[in-house]
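These notes concern the structure reproduced below.
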Amino acid sequence: MEQRCETLIIGGSAGSLDVLLKVLPDLKADLAFAIILVLHRKSGRDNMLTELLRSKTGLRVKELEEKEQIKATNIYIVPPNYHLLIENNRTFSLDVSEKVSFSRPSIDVTFESAAEVFREALVCLLLSGSNSDGTDGSRKVKANGGRVFVQNPISAGSPFMPQNAKEHGNIDAVLNIEEIAEFINHL
Amino acid sequence: MKSARSDEFVDIVLADVLEVYGYDFTGYSRASLKRRIVRLYEMDKFVSFAEYRYRIRTDSNYFKRFLEEITINVTEMFRDPDFYRDLRTEILPKLGTYPFIRIWVAGCSTGEEAYSVAIILKELNLLHKSLIYATDINSAVLETASKAIISLNKLKLYTENYIDAGGTADFSDYYTASYSLGKLKDELKSKIIFSTHNLVTDNSFNEFQLILCRNVLIYFDRPLQNQVFELFDGSLEKFGYLALGTKETLDFSLVSNNYERTGAGKIWRKIQ
Ligand SMILES: C[S@@+](CC[C@H](N)C(=O)[O-])C[C@H]1O[C@@H](n2cnc3c(N)ncnc32)[C@H](O)[C@@H]1O
């Protein structure tokens, strides 16, 4: 049975930006779901990331605001130094509580919160990174009926994160970089 | 806890807490509360929700722990240095023309924000005529705040923040170090009053020229945010300033027409 996708959450750390820059230009302009990017960043004060990603796609890219309503075809970036949680009414909640796996935003926190809201309609994708973030979250997503994919660790600048999820988490499949855009377009 | 049922559990716990202890968390953003409540359940290894609920209802010491765990107290000195730079260069010099400056730090947690403001006031030579009211719902954090102690492993971050915020002295002038702790200078504390105050249920208690309430309102839903903005509006003098966290805004509030956004960050000025 085909599962409908309501939201795609992409988690990434070291080495993930390169992947996004390759994937974004090939996404179709009328995606029927929202994309949320949970990215670990070194420092937060810049708008550079938003600008950079915006230059690669016709889709609307924006740093998300607290209590904003999630809308399809938008690409949302989590602001640095906040965790992102999802409310049942499909709005964003920000949270400044302790870092999780040395990270804020933490991919685990958002995967877990989104898993309980979107359930079967959630798709998560974990990209390159050198930390274990995302592995625990992947299990929660699967336990709630959602789907989890990881970038092929062999193709990742920092393979640890997708590799760890593959070994210790719960995932559906591994994707090569060239397959990712196509995969997203057909969700 | 099974996720499908945890939403229901949260509702029950919040109703209990309101009924038994009078704390009203029903207007808080659910996702964050739920995460904290489930986390505490797992941390304290309860075997059933009924047991958890019973403990919260009947053991007031445990309720203290509950309160500490579900209110998020993470803070730091000179958090968001750009904000403190704006305070230093734009806002506080204007308030410096007043004979006396009253500041309210609402949701002050363990005090780092209040001490940071005190340091800037001192460097602007305004501390002697200022008074900072620093309040929080959680009395445990206020106890910590009044000890004026910072752990030395945070010093590197605080020193960097202080410099980025335009600090003109040496951050090490403000504390004395012993073992793994730093004690902030008494002079800073002498102008701060720490006290409990619940933004949800307590009233206005003074008129201020500056109110800081940062990273507290993100935990409140829109109706509760509105209620608190009205409380602030009633506690702020004309031409006073309201400062919010980097991701918070006055834009959607019913009192926003009384305010003008200043050029500096998330700071609004009351104009009527
Ligand atoms: C994340 S901390 C923010 C600390 C500091 N303002 C900062 O920005 O670094 C949030 C604080 O708000 C307090 N708080 C939560 N609900 C409150 C309420 N109803 N009334 C007063 N304080 C509250 C919490 O206890 C906590 O200390």
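Computed from a prediction, not measured in an experiment: that's the story for all the values here. Residue numbering restarts at 1 for every chain, and letters A, B, ... go by the order of the sequence lines.
- When every heavy atom of B:A31 is checked against every heavy atom of A:I86, the shortest pair comes out as CB-O, 3.5 Å.
- With a 4.5 Å cut-off on non-hydrogen atoms, A:N89 does not touch chain B at all.
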Margin query: For A:L94 and B:Y219: C-alpha separation, side-chain torsions, deciding distance, then whether side chain to side chain contact (heavy atoms under 4.5 Å, CB included) applies.
Written below: CA-CA 8 Å; A:L94 294 172; B:Y219 297 105; over 6 Å; no
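- When heavy atoms are compared at a cutoff of 4.5 Å, A:L64 approaches chain B solely by way of its backbone atoms N, CA, C and O.
- Heavy-atom distances place the side chain of B:R35, and not its backbone, under 4.5 Å from chain A.
- With a 4.5 angstrom heavy-atom cutoff, B:R79 touches chain A only via side-chain atoms.
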Next item on the list: Could you give me the CA-CA distance, side-chain angles and deciding distance for A:E116 and B:K34, then say whether salt bridge (Lys or Arg N to Asp or Glu O under 4.0 Å) is met?
Entry: CA-CA 11 Å; A:E116 299 185 357; B:K34 174 167 135 187; 2.7 Å; yes
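- Proximity to chain A (any heavy atom under 4.5 Å) is shown, for B:R222, by both the backbone and the side chain.
- Using a 4.5 Å cut-off between heavy atoms, A:S93 contacts chain B through its side chain alone, with no backbone atom that close.
- Using a 4.5 Å cut-off between heavy atoms, A:V109 contacts chain B through its side chain alone, with no backbone atom that close.
- Of the atoms belonging to B:Y28, not a single heavy atom falls under 4.5 Å from chain A.
- B:T246 touches chain A through backbone and side chain together, each having a heavy atom under 4.5 Å away.
- Of all heavy-atom pairs between A:K67 and B:S29, the closest is NZ-OG, 3.6 Å.
- A 6.0 Å sphere centred on NZ of A:K28 holds more than 12 heavy atoms belonging to other residues, nucleotides or ligands.
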Next item on the list: Decide yes or no on side chain to side chain contact (heavy atoms under 4.5 Å, CB included) for B:Q225 and A:E66, but give the supporting numbers first.
Entry: CA-CA 12 Å; B:Q225 286 184 349; A:E66 65 116 10; 3.2 Å; yes
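- With rounding to the nearest 0.5 Å, the separation of OG in B:S32 from CG in A:D95 is 4.0 Å.
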Next item on the list: Report the C-alpha separation of A:N81 and B:K247 in whole Å, then their side-chain angles, then the decisive distance to 0.1 Å, and conclude whether the side chain to side chain contact (heavy atoms under 4.5 Å, CB included) test is met.
Entry: CA-CA 10 Å; A:N81 263 318; B:K247 281 286 144 191; over 6 Å; no
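- To the nearest 0.5 angstrom, A:S97 atom OG is 11.0 Å from B:E69 atom CD.
- Note on B:I72, B:N73, B:D80, B:I218: by heavy-atom pairs under 4.5 Å with chain A, the leading option is B:I218.
- The closest side-chain heavy-atom distance from B:R214 to A:V96 is not below 4.5 Å.
- Crowding of B:K64 atom NZ: a count of heavy atoms from other residues, nucleotides or ligands under 6.0 Å not exceeding 12.
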